[in-house]
Amino acid sequence: MSSISIKRRGIMFVLSSPSGAGKTTVAREVLKQEKNLNISISCTTRRARPSEVNGVDYYFISEVQYKEKVYKGEFLEHAEVFGNYYGTPRSTVEEYLDLGQDVIFDIDWQGTQQLAENARDDLVSIFILPPSIEVLEKRLIGRNQDADDVVSRRMSKASDEMSHWPEYDYVIVNEKLDKTIFDVRSIMNAERLKRLRLKGLVGFVNRLRSKN
Ligand code: 5GP
């Protein structure tokens, strides 16, 4: 392993997909395997599902708290999704980026558009598609954590959400979890190596050249 590391700014890796395409599982697995990667924990006004833990999956907040955070500019992006409000806390993400650490986001297309408007150079966006509509439905029902009407509302929204795929830098069809994780990590590696992100390269090359 090389001990030379060239300074760079952190990258915001966004994963979006219709709900049930497996993006949350992908994000959590990639997070386990990648060092130097942090997850952005969103705030939401949605009620916690039985398996969800406050501060781990989301910060579960009230609508009043949400509106106050929007008013104070505490969100990097925020949006209404399926009748609930979601927002990405700004300060933690900015601290990670400044330290040269990467952050992964599980957010929808509205949030991705806002990040692209404000910080295009720091953003790499990946859209995850299900292999088929049947698989999407099975995953939503199999999750067994949402009421039937919620599942059917999410299914009918899936087509709208999928229409946003051309706005993303990369699109992956999530058929086999291992392959999807491999692809996401390949994208991450390549993006980290991009010359324009390596802010420390000028100084490094100057030092190399001055030794002659
Ligand atoms: P769920 O309620 O199933 O956890 O998430 C519903 C949708 O909201 C998903 O598409 C998820 O990616 C999106 N989402 C979660 N957190 C945020 C956020 O902070 N901002 C935005 N814009 N979308 C979010």
Side-chain angles (χ1 to χ4, degrees), residues 12-31 38-63 65-70 72-94 96-97 103-119 123-130 136-165 167-168 170-172 174 180 184:
M12 300 193 290
F13 290 106
V14 165
L15 290 187
S16 296
S17 73
S19 53
K23 134 201 75 165
T24 307
T25 314
V26 173
R28 301 266 164 198
E29 278 303 312
V30 169
L31 196 68
N38 307 280
I39 194 157
S40 163
I41 301 173
S42 297
C43 294
T44 182
T45 60
R46 164 167 80 59
R47 285 175 58 180
R49 297 185 182 124
S51 68
E52 287 177 329
V53 177
N54 188 32
V56 175
D57 299 284
Y58 282 106
Y59 297 108
F60 296 96
I61 60 172
S62 68
E63 248 182 80
Q65 288 171 313
Y66 174 86
K67 285 187 177 142
E68 195 177 313
K69 285 176 184 297
V70 171
K72 289 188 180 160
E74 289 179 13
F75 289 134
L76 201 55
E77 62 73 38
H78 58 94
E80 182 181 345
V81 189
F82 307 124
N84 296 304
Y85 297 106
Y86 296 81
T88 299
R90 178 190 295 280
S91 56
T92 3
V93 172
E94 288 182 345
Y96 284 135
L97 296 183
V103 184
I104 191 165
F105 298 74
D106 172 344
I107 62 173
D108 83 332
W109 60 271
Q110 305 173 82
T112 311
Q113 281 185 354
Q114 291 171 41
L115 294 186
E117 273 163 29
N118 298 323
L123 175 71
V124 174
S125 58
I126 305 171
F127 198 83
I128 311 259
L129 287 171
L136 188 74
E137 190 165 18
K138 241 193 238 158
R139 284 186 188 149
L140 270 180
I141 294 169
R143 184 155 77 184
N144 212 11
Q145 296 201 356
D146 291 316
D148 287 353
D149 63 320
V150 175
V151 170
S152 55
R153 203 156 14 106
R154 288 185 177 222
M155 272 310 288
S156 64
K157 280 270 180 193
S159 168
D160 287 351
E161 287 176 68
M162 280 191 278
S163 70
H164 290 278
W165 67 269
E167 297 158 28
Y168 285 72
Y170 299 89
V171 178
I172 298 175
N174 182 24
T180 302
V184 170

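Just follow the structure's listing: the first ligand is 1, and inside any ligand the first atom is 1. Just so you know, these numbers come straight off a predicted model, no measurement behind them. Throughout, numbering of the chain's residues begins at 1 and tracks the sequence.
Within the structure, ligand 1 has R49 among the residues with a heavy atom less than 4.0 angstrom away. By the 4.0 Å heavy-atom criterion, F105 is excluded from the residues contacting ligand 1. Remark: distances from the non-hydrogen atoms of K23 to ligand 1 include one below 4.0 Å. Ligand 1 has at least one atom lying under 4.0 Å from a heavy atom of R46.
Which of D57, D106, T44, T112 comes nearest to atom 12 (O) of ligand 1 through a heavy atom is settled by distance: it is D106. Considering each of D108, L140, V14, L76, the one bringing a non-hydrogen atom nearest atom 22 (N) of ligand 1 is D108.
Here the two rings, on Y66 and Y86, have centers that are 6.0 Å apart or farther.
By the ring pair (Phe, Tyr, Trp, His ring centres under 6.0 Å) test, F60 is found to be paired with Y58, residues two or more places apart in sequence or in another chain being considered. Listed by chain and number, the residues in a side chain to side chain donor-acceptor pair (under 3.5 Å) with Y85 amount to none (sequence neighbours excluded).
Checked for salt-bridge contact, E52 and R47 miss the test: no charged N lies under 4.0 Å from a carboxylate O.
By the 3.5 Å distance cut-off applied to N or O atoms, Y58 is counted among the residues near ligand 1. Residue E52 places no N or O, backbone or side chain, under 3.5 Å from any N or O of ligand 1. The shortest N or O to N or O distance between Y86 and ligand 1 is under 3.5 Å. At under 3.5 Å, not a single nitrogen or oxygen of Q110, backbone or side chain, sits near a nitrogen or oxygen of ligand 1.
Ligand 1 places these atoms under 4.0 Å from at least one heavy atom of T88: 19 (O). When each atom of ligand 1 is checked for a heavy atom of G111 under 4.0 Å away, the hits are 22 (N). Within the listing of ligand 1, atoms 22 (N) sit less than 4.0 angstrom from a heavy atom of A79.
Side-chain contact annotation: S16 with D108, donor-acceptor N/O pair under 3.5 Å absent.
Atom-to-atom distance recorded for F13:CZ and I126:CD1 is 7.0 Å, nearest 0.5 angstrom. Rounding to the nearest 0.5 Å places CZ of R28 at 9.5 Å from CD1 of I104.
Side-chain atoms of Q110 never come within 3.5 Å of backbone atoms of H78 as a donor-acceptor pair (strictly under, hydrogens ignored). Of the possible polar contacts, none joining the R90 side chain to the E74 backbone as a donor-acceptor pair under 3.5 Å is found.
With a 4.0 Å cut-off on non-hydrogen atoms, V81 touches ligand 1 through its side chain and not its backbone.
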